[in-house]
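Report on one structure; see the data block that follows.
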Amino acid sequence: MTIRVLLVDDQPLLRTGFRLILEAEPDITVVGQAGDGKDAMEQTRALLPDVVLMDIRMPGVDGIEATRRIVRDAAPAAHVPKVLVLTTFDLDEYIVEALRAGASGFLLKDVPPDELVQAIRVVAAGDAIVAPSVTRRLLDRFAKRLPSAYEQTAPARLDRLTERELEVLRLIAKGMSNAEIAAKLVVSETTVKTHVGNVLTKLGLRDRVQAVVLAYETGLITPGAS
């Protein structure tokens with residue numbers, strides 16, 4: 001299956017660079033480009049991409065608001081594009097908001113070409129990008145500033161999980177893959193996938209990215225925890 005990608009960035013040079021990288025892959029095609037969030041929303045409706053590679057800071061409608069509207073407007077439909085946001089280290093504070101808006105993950109703008117391609121494939125397949133080296137750093141830095149929306153409901157929500165599911169959630173929040181979790185718990189990867197699915201279902205979460213944010217917000221994982 002060919003993965004249809006929409007490139008969104010206000011810098012034409014960056015869009016061109018990403019396009020050259022992606023169109024060299026036999027299973028990826030760039031169906032369009034947009035220079036701002038408003039254009040991104042319009043092109044998403046018209047072109048129905050599988051993945052939207054979304055910059056955050058753009059004139060007019062920024063990437064966070066565009067992500068929120070794309071995910072919200074597409075949710076009732078059969079085709080819901082996955083949004084993969086782009087950032088730089090000096091924009092760390094925007095990442096949590098982008099994830100809350102419905103993004104399936106994020107990349108740094110200087111991501112190596114092979115990692116960019118792999119990330120798009122992973123997101124298109126329905127998974128989320130939770131890069132341990134970046135996600136942990138961002139959440140450790142900003143978790144104390146997250147809104148306390150879950151403070152009253154956290155205990156009740158987490159009580160729905162078994163001890164093993166809580167353990168799996170902690171490991172997800174540390175950025176561990178299913179294979180790494182399986183090795184640590186000495187169980188099969190299939191068993192881990194079952195636990196992850198149960199965690200997401202019981203907590204009403206869309207993907208692993210939301211699980212990471214929730215783990216920090218509820219205090220299950222705290223900044224700096226090992």
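These numbers come from the heavy atoms of this one structure, side chains and all, not from hydrogens, waters or symmetry mates.
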How far apart are the C-alpha atoms of V187 and H195, what are their side-chain angles, what is the distance that settles it, and do they pass the side-chain contact (heavy atoms from CB on, under 4.5 Å) test?
CA-CA 11 Å; V187 298; H195 287 316; 5.6 Å; no

How far apart are the closest heavy atoms of P81 and T44, and which atoms are they?
CG-CG2, 3.6 Å

Residues D27, R121: salt bridge by 4.0 Å N-O rule:
yes

When rounded to the nearest 0.5 Å, the distance separating OG1 of T16 from CD1 of I21 is 11.0 Å

In I56, L107, V8, the residue satisfying side-chain contact (heavy atoms from CB on, under 4.5 Å) with L86 is L107

Do you know the tightest heavy-atom contact between L84 and G105?
CD1-C, 3.7 Å

Using 4.0 Å as the upper bound for N to carboxylate O, is an ion pair formed by D10 and R15?
no

Give the cluster check for M54 versus L48: same hydrophobic cluster or not, with ILVMFWY residues linked at side-chain heavy-atom distances below 4.5 Å.
no

I'd like to check V5 versus L7 (side-chain heavy atoms, cut-off strictly below 4.5 Å). Are they in contact?
yes

If you define the side chain from C-beta out and look only at heavy atoms, does anything of K109 sit under 4.5 Å from D55?
yes

Hey, is the main chain of E115 close enough, under 3.5 Å, to the side chain of Q118 for a donor-acceptor pair?
no

Nearest 0.5 angstrom please: Q11 CD to D9 CG, how far?
5.5 Å

Indicate whether any N or O donor in one side chain lies under 3.5 Å from an N or O acceptor in the other, for S188 and T191.
yes

Same hydrophobic cluster for L53 and L20, using side-chain heavy-atom links shorter than 4.5 Å among ILVMFWY?
no

Ignoring hydrogens, what is the shortest heavy-atom contact between A103 and V85? Give both atom names and the distance.
CB-CG1, 3.8 Å

Would you call R170 and E167 a salt bridge, taking side-chain N to carboxylate O under 4.0 Å as the test?
no

Quick one: pull up CG in L166 and CZ in R160 and give me the separation to the nearest 0.5 Å.
12.5 Å

Dump the intermediate steps for side-chain contact (heavy atoms from CB on, under 4.5 Å) on L116 and L22, then the final yes or no.
CA-CA 8 Å; L116 170 64; L22 297 181; 4.1 Å; yes

What one should report as the nearest heavy-atom pair of L161 and E165 is CA-OE1, 3.3 Å

Using the side-chain contact (heavy atoms from CB on, under 4.5 Å) rule, pick out the option among V71, I70, I64 that qualifies with R68.
I64

For a quick test of reading the model, state the closest non-hydrogen atom pair linking G35 to P59 and the distance between them.
O-CD, 4.3 Å

pair M176-I172: side-chain heavy atoms closer than 4.5 Å
no

Between E180 and S177, is there a donor-acceptor pair closer than 3.5 Å when you use the side chain of the first and the backbone of the second?
yes

Closest heavy-atom pair and its distance - D36, M58
CA-SD, 3.8 Å

Within the side chain of R4, is there an N or O that forms a donor-acceptor pair under 3.5 Å with the backbone of D50?
no

Report yes if the side chains of I28 and E23 come closer than 4.5 Å at any heavy-atom pair, otherwise no.
no

Close side-chain approach of V51 to L6, heavy-atom, < 4.5 Å:
no

Taking atom NZ of K202 as the centre, report whether more than 12 heavy atoms of other residues, nucleotides or ligands fall under 6.0 Å from it.
yes

Verdict with reasoning, Q43 to D39, per side-chain hydrogen bond (donor to acceptor under 3.5 Å, both in side chains)
CA-CA 6 Å; Q43 292 207 45; D39 192 17; 3.3 Å; yes

Do L169 and L158 touch side chain to side chain, with heavy atoms closer than 4.5 Å?
yes

K82 versus V52: any side-chain heavy-atom pair under 4.5 Å?
no

State the CG-CD1 distance between L171 and I181, to the nearest 0.5 angstrom.
5.0 Å

